[in-house]
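Heads up: the structure comes next, in structure tokens.
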Amino acid sequence: MKGIVNRLAESGFLSYDDFLALKYCDDNEDIEYLFSKSREQAKKYYGNKIFIRGLIEFTNHCKNDCLYCGIRASNRKLNRYRLSEEEIIDCCKSGYSLGFRTFVLQGGEDMYFSDDDYVRIISRIKSNYPDCAVTLSIGERSRQSYEKYYNAGADRYLLRHETADKAHYKRLHPEIMSFENRMRCIRDLKDIGYQTGIGFMVGSPFQSDESIYKDLLFIKETNPHMVGIGPFIPHRDTPFAEFARGSCNLTLRLLAIIRLMLPSVLLPATTALGTIDERGREKGILAGANVVMPNLSPVMHRKDYSLYDNKICTGEEAAECRFCLSRRIESIGYEIVTDRGDYKVS
Ligand code: SAM
Ligand code: FES
């Protein structure tokens with residue numbers, strides 16, 4: 001097994017057989033070796049620094065109906081909210097004083113916000129905090145819209161591809177959503193100049209070994225700046241309520257594999273990973289992740305941004321989340337830094 005890990009670390013490539021060997025390996029020492037190589041790569045580029053991104057979940061309205069997602073349009077049980085522009089700016093203000101230098105605006109595909117609204121919000125954040133990066137995670141838009149946001153100052157965009165397997169994509173999304181459009185969006189974002197993040201859920205319904213391997217190849221080929229992967233966790237009011245959640249062990253192995261494929265990629269230890277395992281985010285960092293994205297949204301709305309059940313940190317104020325994370329990260333020998341945390345070219 002060590003030979004496979006060394007080959008991956010040296011070449012950045014993984015054959016399907018080697019992927020299966022790593023996925024099904026049950027020798028703890030071998031897996032610890034995988035993690036140690038992955039940590040070594042992360043440290044080469046980022047030392048023991050962990051970047052934080054302030055996540056502002058500004059709307060849970062969504063026109064889409066992704067079958068896995070708790071805020072899908074068909075979920076009538078959800079209490080819908082959207083933050084006002086002033087509330088968004090207030091989140092940035094408190095985030096800035098807590099040391100955040102990246103703000104991630106994430107939401108459902110909420111048509112209430114026009115392109116002009118986004119342009120105004122982005123421009124305001126950038127003029128109030130010129131030393132900060134703005135990341136958008138607001139789904140599929142036209143190329144023209146992406147260009148407008150970029151020209152207004154948005155630096156980065158997160159759009160998980162969800163799965164690189166078209167047949168699998170169709171089983172996760174309603175007929176009206178298209179795999180081709182998701183791929184078109186990712187191409188446009190990279191082409192426009194955003195630092196672009198893609199990714200997928202580990203253990204989503206109907207995911208096969210082949211589809212995970214396709215995801216890895218797609219990630220390698222796309223060579224994104226960021227990769228967001230976290231376990232699928234069922235939400236009680238979705239069609240996937242009865243499916244099993246993804247595994248922490250597999251998520252950690254995939255984080256390590258992705259780090260070795262793309263040594264300098266920005267790789268978050270996600271909230272979903274922290275939800276299925278009390279020390280999931282720490283374990284993620286020890287498997288090669290170098291980013292965490294604590295919540296800056298107002299506490300009163302947090303439980304309504306429920307993508308999946310039992311999400312953590314829904315009762316904590318931003319400051320509590322920030323300090324809790326610092327303690328957790330220091331306990332494993334890493335430190336949170338006040339930094340935009342840009343991508344480093346490898
Ligand atoms: N609307 C934007 C988009 O589609 O990219 C951003 C918001 S969307 C809720 C952000 C991500 O949450 C999705 O890309 C998906 O991978 C993840 N997600 C949704 N439901 C989930 C679930 N049940 N378990 C884990 N992750 C989930
Ligand atoms: Fe729209 Fe999940 S279905 S954000």
Side-chain angles (χ1 to χ4, degrees), residues 14 16 19-20 23 60-78 106-111 136-143 145-146 157-191 196-224 226-247 250-251 254 257-258 261 270 272 276 305-309:
L14 188 65
Y16 186 54
F19 161 66
L20 290 180
K23 182 172 183 248
N60 70 353
H61 290 260
C62 189
K63 72 174 173 53
N64 288 339
D65 226 2
C66 305
L67 276 77
Y68 44 83
C69 185
I71 66 171
R72 64 200 299 267
S74 296
N75 181 5
R76 307 264 177 252
K77 292 196 182 158
L78 192 66
Q106 191 185 83
E109 292 194 17
D110 181 358
M111 293 301 119
L136 298 178
S137 179
I138 52 174
E140 298 175 25
R141 309 277 150 152
S142 67
R143 184 180 176 112
S145 297
Y146 288 150
Y157 206 105
L158 303 176
L159 187 74
R160 289 184 174 184
H161 64 284
E162 312 296 0
T163 170
D165 179 328
K166 187 172 169 181
H168 184 213
Y169 184 92
K170 277 180 181 289
R171 302 187 81 174
L172 299 179
H173 300 95
E175 198 63 41
I176 190 174
M177 291 180 71
S178 107
F179 178 74
E180 285 75 18
N181 194 50
R182 195 102 186 150
M183 293 292 155
R184 189 272 304 159
C185 289
I186 292 168
R187 276 195 307 276
D188 282 346
L189 291 166
K190 273 204 88 184
D191 197 43
T196 304
I198 59 176
F200 64 97
M201 289 175 290
V202 177
S204 61
F206 317 112
Q207 188 177 56
S208 62
D209 288 345
E210 287 85 358
S211 68
I212 299 177
Y213 187 63
K214 275 191 191 168
D215 287 320
L216 294 176
L217 292 183
F218 176 71
I219 288 169
K220 178 76 186 164
E221 183 189 299
T222 306
N223 192 22
M226 306 169 279
V227 177
I229 65 161
F232 161 74
I233 306 173
H235 185 290
R236 62 191 173 284
D237 300 316
T238 64
F240 289 165
E242 303 304 327
F243 280 85
R245 67 189 194 187
S247 104
L250 179 57
T251 307
L254 289 169
I257 290 171
I258 292 166
M261 289 180 122
T270 59
I276 62 165
Y305 199 81
S306 58
L307 308 181
Y308 45 79
D309 290 335

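In this chain, residues are counted from 1 in sequence order. Only this structure's heavy atoms are used, side chains among them; waters, hydrogens and symmetry mates stay out. Treat the numbers as computed from the prediction; the structure is a model and nothing was measured.
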- Task: Decide side chain to side chain contact (heavy atoms under 4.5 Å, CB included) for F232 and F240; before the verdict, give the C-alpha distance in whole Å, the side-chain angles of both, and the deciding distance to 0.1 Å.
- Result: CA-CA 10 Å; F232 161 74; F240 289 165; 4.0 Å; yes

- Task: Check the pair Y308 / Y68 against side chain to side chain contact (heavy atoms under 4.5 Å, CB included), numbers first and verdict last.
- Result: CA-CA 8 Å; Y308 45 79; Y68 44 83; over 6 Å; no

- Please assess F179 against E162 for the test side chain to side chain contact (heavy atoms under 4.5 Å, CB included), listing each intermediate value before the final yes or no. CA-CA 9 Å; F179 178 74; E162 312 296 0; over 6 Å; no

- Item | Evaluation steps, side chain to side chain contact (heavy atoms under 4.5 Å, CB included), between D165 and E210 | CA-CA 9 Å; D165 179 328; E210 287 85 358; 5.5 Å; no

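Of all the heavy atoms in Y146 and G139, the pair that sits closest is OH-O, 2.8 Å. Pairing each heavy atom of D215 with each of A164, the nearest pair is OD1-N, 2.7 Å. Heavy atoms only, all atoms of each residue included: C62 and A73 are closest at O-CB, 3.2 Å. Considering all non-hydrogen atoms of both residues, L307 and H235 come closest at O-CB, 3.7 Å. Between P231 and I276, the shortest heavy-atom contact is CG-CD1, 3.5 Å. Between P234 and R245, the closest heavy-atom pair is CD-CB, 3.7 Å.
Counting only heavy atoms from C-beta outward, the side chains of I258 and L216 approach each other to under 4.5 Å. Counting heavy atoms from C-beta outward, Y169 and M177 have side chains that approach closer than 4.5 Å. With contacts defined as side-chain heavy-atom distances shorter than 4.5 Å, the pair T163/F206 does not qualify. No side-chain heavy atom of V202 sits less than 4.5 Å from a side-chain heavy atom of I212.
In this structure, E180 places its CD atom where more than 12 heavy-atom neighbours from other residues, nucleotides or ligands lie under 6.0 Å away. Taking a 6.0 Å sphere around NZ of K63, one finds it holds more than 12 heavy atoms contributed by other residues, nucleotides or ligands. The 12-atom threshold is exceeded at CZ of R143, counting heavy atoms of other residues, nucleotides or ligands nearer than 6.0 Å. Remark: K170 NZ is loosely packed, at most 12 non-hydrogen atoms of other residues, nucleotides or ligands lying under 6.0 Å away.
Separation of atoms CD1 (I71) and OG1 (T238) is listed at 12.5 Å; rounding is to 0.5 Å. The CG atom of L159 sits 13.5 Å away from atom NZ of K190, with the distance rounded to the nearest 0.5 Å. Atom-to-atom distance recorded for S306:OG and I233:CD1 is 12.0 Å, nearest 0.5 angstrom. For the atom pair L78 CG and R72 CZ, the distance stands at 11.5 Å (nearest 0.5 Å). With rounding to the nearest 0.5 Å, the separation of OG in S211 from CG in L172 is 9.0 Å. Rounding to the nearest 0.5 angstrom, the gap separating the CE atom in M226 from the CZ atom in R160 is 12.0 Å.
Listed for the D110 side chain is no donor-acceptor partner under 3.5 Å among the backbone atoms of H61. Using a distance-only test at 3.5 Å, with no hydrogens or angles considered, a donor-acceptor pair links the side chain of D309 to the main chain of R236. Side-chain N or O atoms of S178 include one that pairs as donor or acceptor with a backbone N or O of N181 at under 3.5 Å. Counting only distance, with no hydrogens or angles, the side chain of Y213 and the backbone of L14 share a donor-acceptor pair below 3.5 Å.
In this model, no donor atom of one side chain and acceptor atom of the other lie less than 3.5 Å apart for N64 and H173.
Ionic pairing of E109 and R141 is not present here: no N-O contact between side-chain nitrogen and carboxylate oxygen is shorter than 4.0 angstrom.
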